[in-house]
Enquirer: 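What follows is a single structure, and I will ask about it in a moment.
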Amino acid sequence: MCIRQYIGLAAAGYKPGRTRIFSRAEHNGQQSVLVIDSSDGVLVLHTSRQRYLTRDDNLRHQSNFTAKISTPEMRVLWQSGEFPGNHVSHSFAQYVVFDNGTPVYADHGDAYPRGFTLNVETGQDRAREQNFFPFSGAIGDNTTNAVPGGLGVSASSYLFLGASSPQKGGDSLKKANAFLAVIPKSGGQAQIQWLTSLPAGGQDFVNDVRLVQVNNNTFVAMWQVTHPGKNFYRFDELQYAVFNGQGQQVGVAGDNDNVWITFHSGVSLKAQLDSSGNPAMQVQLPFWLR
């Protein structure tokens, strides 16, 4: 089934009610991503929505939105109420993956909670929440000085790639470095590994990151360093590291899958494994760089 069929919510009987789903086609900054994953005939859609108007500030609030759809009948099984179990207010980016039939969500929020947040579904409209990478700053401040790059699932952990400033106050996205968060399924604090160490007082920073899951024990973390210039930004060559399901960096991988990733600079990258199982990168330049 193609993605266009998957996200035909009107055909599935979706009724928006008091919410309004954002899309890439909208203007004035009212846009978000829409992500999907499926397992055993159930598709989960995770995105963001415009919310109710409050009288004290005359603003419409925003949060994440989730819908579950039975793909054989394209029938809505469940959709977010006003405050669902996986609620994240002001969610700027969303991810969803299935873990042995259980939906797992990650959100980039600036308020409740303020940070990169993981929600593991524990029942209908119930989830176990973990703010595994808190942000500095005031609740509701749209500036978080962090960007997300992807969520993966292994046998023992959830892996999340991002880029962020140190989040110790006085933060700026121009102080951002790439990091990998390894969140144990058994509970406990996330292990944060910083993959770059650009100095906070320098000019260079990371704000392009992508995580590609090859299988449940092979993850490719990719990032690109940005150099601000007087009239334009310059971008370094793409860099990558390969990790196993425990978040340990490894020298080889073990499958033959590949995927194309496009970065802000227009460069596309294929993370591919050669016949010996070693990571190999294939780069495609936009027409203005050829």
Side-chain angles (χ1 to χ4, degrees), residues 32-37 44 46-48 64 66 86-88 90-100 102-110 112-121 127-136 144-167 171 173 176-197 205-224 239-250 253 259 261 263 271:
S32 183
V33 297
L34 187 152
V35 293
I36 58 175
D37 200 9
V44 171
H46 197 44
T47 186
S48 65
N64 55 3
T66 308
N86 66 344
H87 173 77
V88 174
H90 298 186
S91 176
F92 302 134
Q94 306 80 33
Y95 298 93
V96 60
V97 295
F98 272 95
D99 180 17
N100 293 321
T102 298
V104 179
Y105 310 93
D107 287 82
H108 176 189
D110 77 352
Y112 301 103
R114 181 174 174 82
F116 288 129
T117 302
L118 190 79
N119 273 288
V120 180
E121 194 165 291
R128 184 178 71 251
E129 178 186 284
Q130 182 176 358
N131 185 357
F132 62 88
F133 195 94
F135 301 147
S136 64
T144 63
N145 301 302
V147 293
L151 173 67
V153 56
S154 73
S156 62
S157 307
Y158 304 112
L159 283 76
F160 183 91
L161 184 69
S164 175
S165 61
Q167 301 294 346
D171 290 287
L173 189 58
N177 279 284
F179 72 88
L180 180 70
V182 182
I183 308 158
K185 293 182 182 180
S186 58
Q189 295 295 315
Q191 176 190 358
I192 307 298
Q193 303 178 44
W194 292 97
L195 308 183
T196 59
S197 56
F205 62 97
V206 178
N207 73 336
D208 247 329
V209 285
R210 296 292 187 274
L211 181 68
V212 176
Q213 178 167 341
V214 179
N215 54 48
N216 71 351
N217 197 39
T218 307
F219 300 82
V220 181
M222 297 176 285
W223 63 90
Q224 194 171 35
Q239 302 177 53
Y240 72 94
V242 181
F243 297 86
N244 64 17
Q246 291 75 47
Q248 300 165 332
Q249 188 168 346
V250 294
V259 64
I261 301 295
F263 286 76

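Numbering of residues begins at 1 and proceeds along the displayed sequence.
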Enquirer: Cut-off 3.5 Å, side chains only: do Asn215 and Thr218 have a donor facing an acceptor?
Expert: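 The answer is yes; a qualifying pair exists.
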Enquirer: For Asp171 and Ser165, run side chain to side chain donor-acceptor pair (under 3.5 Å): C-alpha distance rounded to whole Å, both residues' side-chain angles, the deciding distance at 0.1 Å, then the answer.
Expert: CA-CA 6 Å; Asp171 290 287; Ser165 61; 3.0 Å; yes
Enquirer: What's the spacing between Asn119 CG and Gln130 CD if we round to 0.5 Å?
Expert: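 Interatomic distance, Asn119 CG to Gln130 CD, rounded to 0.5 Å: 10.0 Å.
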Enquirer: How close do Ala241 and Phe243 get, heavy atom to heavy atom, and via which atoms?
Expert: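 Residues Ala241 and Phe243, closest heavy atoms: CB-CE1, 3.6 Å.
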Enquirer: Please name all residues satisfying side-chain hydrogen bond (donor to acceptor under 3.5 Å, both in side chains) with Gln167, sequence neighbours left out, ordered by chain then number.
Expert: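 Scan of Gln167 (side-chain hydrogen bond (donor to acceptor under 3.5 Å, both in side chains), adjacent residues dropped) gives Ser136, Ser164.
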Enquirer: With sequence neighbours excluded, what pairs up with Thr117 under the side-chain hydrogen bond (donor to acceptor under 3.5 Å, both in side chains) test?
Expert: none
Enquirer: When you look at Val35 and Val96, which way does the side chain to side chain contact (heavy atoms under 4.5 Å, CB included) test go after all the steps?
Expert: CA-CA 7 Å; Val35 293; Val96 60; 3.9 Å; yes
Enquirer: Counting only N and O atoms by type, is there a donor-acceptor contact under 3.5 Å from the side chain of Asn86 to the main-chain atoms of Glu121?
Expert: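 Side chain of Asn86 to backbone of Glu121: no pair is present.
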Enquirer: State, with a plain yes or no, whether a side-chain heavy atom of Gln249 is found less than 4.5 Å away from one of Leu195.
Expert: no
Enquirer: Between Asn145 and Leu173 (side chain of the first, backbone of the second, donor and acceptor by atom type, cut-off under 3.5 Å), is there such a pair?
Expert: yes
Enquirer: Measure the spacing between CG of Asn216 and CG of Asn100 and express it to the nearest 0.5 Å.
Expert: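 Going from the CG atom of Asn216 to the CG atom of Asn100 covers 9.0 Å.
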Enquirer: List the residues meeting side-chain contact (heavy atoms from CB on, under 4.5 Å) with Gln189, not counting sequence neighbours, and say none if there are none.
Expert: none
Enquirer: Hydrogens and angles aside, do Asp107 and Ser91 bring a side-chain donor and acceptor to less than 3.5 Å of each other?
Expert: yes
Enquirer: Which label fits Phe116 and Phe179: parallel for a plane angle under 30°, tilted from 30 to 60°, or perpendicular past 60°?
Expert: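 Phe116 and Phe179: tilted rings.
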Enquirer: Do Tyr158 and Asp99 pass the side chain to side chain contact (heavy atoms under 4.5 Å, CB included) test, and can you show the C-alpha distance, the side-chain angles, and the key distance before you say yes or no?
Expert: CA-CA 9 Å; Tyr158 304 112; Asp99 180 17; 2.9 Å; yes
Enquirer: What is the distance from atom NE2 of His87 to atom OG1 of Thr66, rounded to the nearest 0.5 Å?
Expert: 11.0 Å
Enquirer: Between Gln246 (side chain only) and Val182 (backbone N and O only), is there a donor and an acceptor less than 3.5 Å apart?
Expert: no
Enquirer: Just to verify, which of Phe133, Tyr105, Phe132 counts as forming a side chain to side chain contact (heavy atoms under 4.5 Å, CB included) with Leu118?
Expert: Phe132
Enquirer: Within the distance-only criterion (no hydrogens, no angle test), does the side chain of Asn64 pair as donor or acceptor with the backbone N or O of Val88 below 3.5 angstrom?
Expert: yes
Enquirer: Do His108 and Phe135 have ring centres separated by under 6.0 Å?
Expert: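 Ring centres of Phe135 and His108 closer than 6.0 Å.
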